[in-house]
Engineer: 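Before we start, here is the structure in question, set down as structure tokens.
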Amino acid sequence: MISITLTLLGQLAQSVAPTAPALVQGEWIGTEKPVVLADLKGSVTIVHFWTFACSNCAANMPRYNKWYETYAPKGVKFIGVHTPEIAAEFNVDNVKKAVKRYGVKYPVVIDNDYQNWKAWKLEYWPTVFLLDKKGRVR
């Protein structure tokens with residue numbers, strides 16, 4: 001009885017987990033080739049929405065960098081999405097400086113037109129999504 005219930009719960013969890021929206025492509029920092037989520041199926045992926053002048057984003061950057069150091073060698077993929085909040089954050093050179101200052105080692109896409117922000121239905125910075133190996137938001 002218990003194993004049947006757990007199996008059903010597992011199936012229910014899989015059926016209600018939404019598939020992550022595709023990333024709208026833009027300029028990338030930290031990679032020569034744009035990252036496409038569909039290409040990452042088979043890997044657990046962390047998608048990190050942030051902006052460099054946000055105090056909560058800045059305060060949490062050391063933690064995200066630690067996650068990267070810990071889990072990237074184990075096959076977890078990381079993607080940053082920089083969606084600006086204030087005027088200075090629309091400048092890509094400023095974002096590049098922030099990526100360097102914060103020590104971000106994973107690829108970051110510039111989302112100046114808020115297309116990713118809207119597709120992922122966001123309201124706040126920072127926001128972190130964990131995608132399973134099938135590309136579903138967990």
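Predicted model, so just to flag it, every value in this text is computed and none were measured. Side-chain atoms are counted along with the backbone in the values below, which use heavy atoms only and exclude waters and symmetry mates.
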Engineer: Please state whether the rings of F78 and Y68 are parallel, tilted or perpendicular, taking 30° and 60° as the class boundaries.
Structural biologist: perpendicular
Engineer: If the condition is salt bridge (Lys or Arg N to Asp or Glu O under 4.0 Å), which residues does E27 pass it with, not counting sequence neighbours?
Structural biologist: K96
Engineer: Y64 versus P126: any side-chain heavy-atom pair under 4.5 Å?
Structural biologist: yes
Engineer: For the hydrophobic clusters of this structure (ILVMFWY residues joined by side-chain heavy atoms under 4.5 Å, transitively), does one cluster hold both V47 and L130?
Structural biologist: no
Engineer: Taking the side chain as every heavy atom from C-beta outward, state whether T51 and H82 have any atom pair closer than 4.5 Å.
Structural biologist: yes
Engineer: For residues W50 and V92: do they belong to one hydrophobic cluster (side chain heavy atoms under 4.5 Å, members Ile, Leu, Val, Met, Phe, Trp, Tyr)?
Structural biologist: yes
Engineer: Quick one: sort the W117 and Y114 rings into parallel, tilted or perpendicular, breaks at 30° and 60°.
Structural biologist: perpendicular
Engineer: Show the nearest heavy-atom pair for residues D111 and P84, with the distance to one decimal.
Structural biologist: O-CD, 3.6 Å
Engineer: Taking N91 for its side chain and N94 for its backbone only, find out whether a donor-acceptor pair lies under 3.5 Å.
Structural biologist: yes
Engineer: Any chance you could lay out the side chain to side chain contact (heavy atoms under 4.5 Å, CB included) test for I46 and I79, step after step, and finish with the verdict?
Structural biologist: CA-CA 6 Å; I46 292 178; I79 300 167; over 6 Å; no
Engineer: Within the distance-only criterion (no hydrogens, no angle test), does the side chain of W125 pair as donor or acceptor with the backbone N or O of E85 below 3.5 angstrom?
Structural biologist: no
Engineer: Indicate yes or no for a side-chain donor-acceptor contact from N112 to the backbone of F90 under 3.5 Å, with no hydrogens or angles considered.
Structural biologist: yes
Engineer: Measure across A119 and P21 and return the closest heavy-atom pair with its distance rounded to 0.1 Å.
Structural biologist: O-CG, 3.4 Å
Engineer: Just so I know, are the side chains of M61 and V104 near enough to count as touching, which here means a heavy-atom distance under 4.5 Å?
Structural biologist: yes
Engineer: Ring centres of F129 and W120 under 6.0 Å apart?
Structural biologist: yes
Engineer: Pair V137, T19 - check side chain to side chain contact (heavy atoms under 4.5 Å, CB included), show working.
Structural biologist: CA-CA 6 Å; V137 176; T19 300; over 6 Å; no
Engineer: Within the structure provided, determine whether V44 and L131 are in side-chain contact (heavy-atom separation under 4.5 Å).
Structural biologist: no
Engineer: Is a donor on one side and an acceptor on the other found under 3.5 Å between the side chain of E89 and the backbone of F52?
Structural biologist: yes
Engineer: Could you grab the distance from atom NE2 of H48 to atom OH of Y106, nearest 0.5 Å is fine?
Structural biologist: 4.5 Å
Engineer: Going by the rule side chain to side chain contact (heavy atoms under 4.5 Å, CB included), which residues pair with V24 if we only count those two or more places apart in sequence or in a different chain?
Structural biologist: Q115, N116
Engineer: Is there side-chain contact between T45 and V76, with heavy atoms separated by less than 4.5 Å?
Structural biologist: no
Engineer: How long is the straight-line distance from OH of Y102 back to NZ of K97, given to the nearest 0.5 Å?
Structural biologist: 14.0 Å
Engineer: Return the CG to OG distance between D132 and S43, rounded to the nearest 0.5 Å.
Structural biologist: 11.0 Å
Engineer: Does a side-chain heavy-atom distance below 4.5 Å link I29 with I110?
Structural biologist: yes
Engineer: Walk me through it: do W28 and V35 pass the test side chain to side chain contact (heavy atoms under 4.5 Å, CB included)?
Structural biologist: CA-CA 8 Å; W28 284 87; V35 178; 3.5 Å; yes
Engineer: Just jot down the salt bridge (Lys or Arg N to Asp or Glu O under 4.0 Å) partners of D113, sequence neighbours excluded, or say none.
Structural biologist: none
Engineer: Please check this pair: side chain of T31 against backbone of K33, looking for a donor-acceptor N/O pair closer than 3.5 Å.
Structural biologist: yes
Engineer: Before giving the answer on side chain to side chain contact (heavy atoms under 4.5 Å, CB included), spell out for Q25 and L23 the whole-Å C-alpha distance, their side-chain angles and the decisive distance to 0.1 Å.
Structural biologist: CA-CA 6 Å; Q25 295 299 314; L23 286 175; 4.1 Å; yes
Engineer: Are the side chains of N65 and K105 in contact, using a 4.5 Å heavy-atom criterion?
Structural biologist: no
